Amino acid sequence: LERFQEQFSERDDIIYTVDFYEYDEEDYQNSWKKYLFPEKVSEKFVVKPTWREYKADDNELIIELDPGRAFGTGSHPTTSLCLKLMEENIKEGDSVIDVGTGSGILMIAADRLEIYGTDIDELAVESAKENLELNKIDENKAKVFKGDLISVVEDKKFDVVVANILTDVLLILLNDISKVVKKDGLIIFSGIIEDKCEILKKEIEALGFEIIEIKADKEWRAMLIKAN
């Protein structure tokens, strides 16, 4: 503040005021919650913050969520695109792994399946476990692990691999992901910025995989991929 005043206090073309407010630490930590409301993010899924009320229609599936410090509230296009592809393509009985699970929102969406989730961030793992419990999902059915993908799953392969992560990370994880998806299984990628879509597409096709569909929302893209 002192440096700012030193630089601009003598200038006539800049008018500014400095205001100070006192907040309790608890109020500061929870102030962001007032901006989150229930949101329908796909044909079926409605993401409801735990502190909001919402009356669901008969065809709606509610995801109760307290994102805490982990990414994934459903409001961001990358998450909603991913949920739409999951809703349209995952069948009952499919085994699913969510790589970089964050808040666990994608695990919750697939709660009728055998679900694994991995994240290297301890805070994200804790947040995902709390949200799974909040949604009354059996801990024996949905398992969250901390660690890198290969060490966590060992020799297990999945019908569907989901990853909603930035493109640069998807490129790093692509080879490992190709090892844990079953033959003819599906991969759902989101978090892809438009400018990097072609780069990722080339790397996927170099593995011999087929890109079935690309969904778009603003500058963000999500891919449905078949592992041949």
Side-chain angles (χ1 to χ4, degrees), residues 39-48 56-65 72 74 77-119 128 131-132 134-145 149-150 152-165 170 173-174 176-192 200-201 204-205 207-217 220-228:
E39 184 171 358
K40 190 162 186 175
V41 296
S42 69
E43 185 177 340
K44 293 182 180 178
F45 288 117
V46 175
V47 179
K48 185 186 86 64
D57 293 338
D58 291 340
N59 65 335
E60 291 180 334
L61 299 174
I62 302 298
I63 298 176
E64 291 265 0
L65 201 68
T78 60
T79 307
S80 58
L81 286 171
C82 206
L83 284 168
K84 287 171 185 174
L85 284 176
M86 290 175 67
E87 181 180 295
E88 295 166 4
N89 294 282
I90 293 177
K91 307 183 301 296
E92 187 168 353
D94 282 347
S95 57
V96 181
I97 184 167
D98 177 17
V99 182
T101 194
S103 66
I105 184 173
L106 302 181
M107 293 182 70
I108 297 164
D111 69 338
R112 65 189 181 279
L113 314 172
E114 178 191 9
I115 322 150
Y116 279 58
T118 69
D119 207 299
N131 284 313
L132 289 168
L134 181 66
N135 286 268
K136 299 180 174 57
I137 296 175
D138 188 343
E139 63 180 9
N140 295 315
K141 186 180 180 183
K143 305 174 179 68
V144 191
F145 299 96
L149 179 59
I150 296 299
V152 165
V153 304
E154 297 178 339
D155 296 327
K156 189 170 181 58
K157 290 183 180 290
F158 296 84
D159 297 300
V160 184
V161 178
V162 180
N164 179 18
I165 319 174
L170 290 174
L173 292 175
L174 185 57
D176 285 351
I177 287 172
S178 69
K179 294 175 182 176
V180 302
V181 64
K182 292 181 181 178
K183 188 178 185 303
D184 295 326
L186 295 176
I187 300 170
I188 297 173
F189 280 165
S190 192
I192 308 161
L200 183 59
K201 184 178 176 182
I204 291 167
E205 291 174 340
L207 289 171
F209 292 175
E210 177 187 359
I211 297 173
I212 300 172
E213 182 182 1
I214 298 177
K215 283 188 182 293
D217 187 347
W220 298 100
R221 302 292 180 268
M223 289 184 184
L224 176 66
I225 304 151
K226 183 177 180 182
N228 298 318

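Here the structure is a predicted model, which means the values were calculated and not measured.
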Please step through side-chain contact (heavy atoms from CB on, under 4.5 Å) for the pair V160 and I188, ending with a clear verdict. CA-CA 7 Å; V160 184; I188 297 173; 4.3 Å; yes
Any donor-acceptor pair under 3.5 Å linking the side chain of [X] with the backbone of [Y]?
X	Y	answer
S190	T78	yes
K183	A227	no
D94	K91	yes
K40	E43	yes
S42	L83	no
D119	G102	yes
D138	N140	yes

Is there a side-chain hydrogen bond (donor to acceptor under 3.5 Å, both in side chains) between D98 and T118 once you walk through the steps? CA-CA 6 Å; D98 177 17; T118 69; over 6 Å; no
Kindly indicate, with the supporting measurements, whether the criterion side-chain contact (heavy atoms from CB on, under 4.5 Å) is fulfilled by L61 and V46. CA-CA 6 Å; L61 299 174; V46 175; over 6 Å; no
Closest approach of [X] and [Y], non-hydrogen atoms and distance?
X	Y	answer
F158	V153	CE1-CG1, 3.8 Å
K84	V41	CE-O, 3.3 Å
N164	C82	CB-SG, 4.3 Å

Could you list the residues that satisfy salt bridge (Lys or Arg N to Asp or Glu O under 4.0 Å) with [X], not counting sequence neighbours?
X	value
K201	none
K44	none
E64	K48
K215	E88, E213

Yes or no on side-chain contact (heavy atoms from CB on, under 4.5 Å) for I62 and N135, after CA distance, side-chain angles and deciding distance? CA-CA 9 Å; I62 302 298; N135 286 268; 5.9 Å; no
Sub-4.5 Å side-chain heavy-atom contact between [X] and [Y]:
X	Y	answer
T101	L106	no
V161	V180	yes
D184	K226	yes
N131	I105	no
L85	F189	no
I165	L173	yes
I225	E210	no
L186	I212	yes

Quick one: pull up [atom1] in [X] and [atom2] in [Y] and give me the separation to the nearest 0.5 Å.
X	Y	atom1	atom2	answer
Y116	L149	OH	CG	12.0 Å
L132	I137	CG	CD1	5.0 Å
I214	I192	CD1	CD1	7.5 Å
I187	I97	CD1	CD1	12.0 Å
L174	K179	CG	NZ	11.0 Å
I204	L170	CD1	CG	8.0 Å

Answer yes if the side chains of D159 and S95 hold a donor-acceptor pair under 3.5 Å, and no otherwise.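 The answer is yes; a qualifying pair exists.
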Evaluate whether atom CG of D155 has more than 12 neighbouring non-hydrogen atoms of other residues, nucleotides or ligands under 6.0 angstrom away.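 Not more than 12 within 6.0 Å, no.
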Charged tip of K143 within 45° of F145 ring normal and under 6.0 Å: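 No.
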For D57, all residues meeting side-chain contact (heavy atoms from CB on, under 4.5 Å), sequence neighbours excluded: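 Testing D57 for side-chain contact (heavy atoms from CB on, under 4.5 Å), a comparison that skips the adjacent residues, returns N59, E60.
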With sequence neighbours left out, write down each residue that passes ring-ring contact (aromatic ring centres under 6.0 Å, His included) with F209, or none if nothing qualifies.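 With neighbours one apart ignored, the set is empty.
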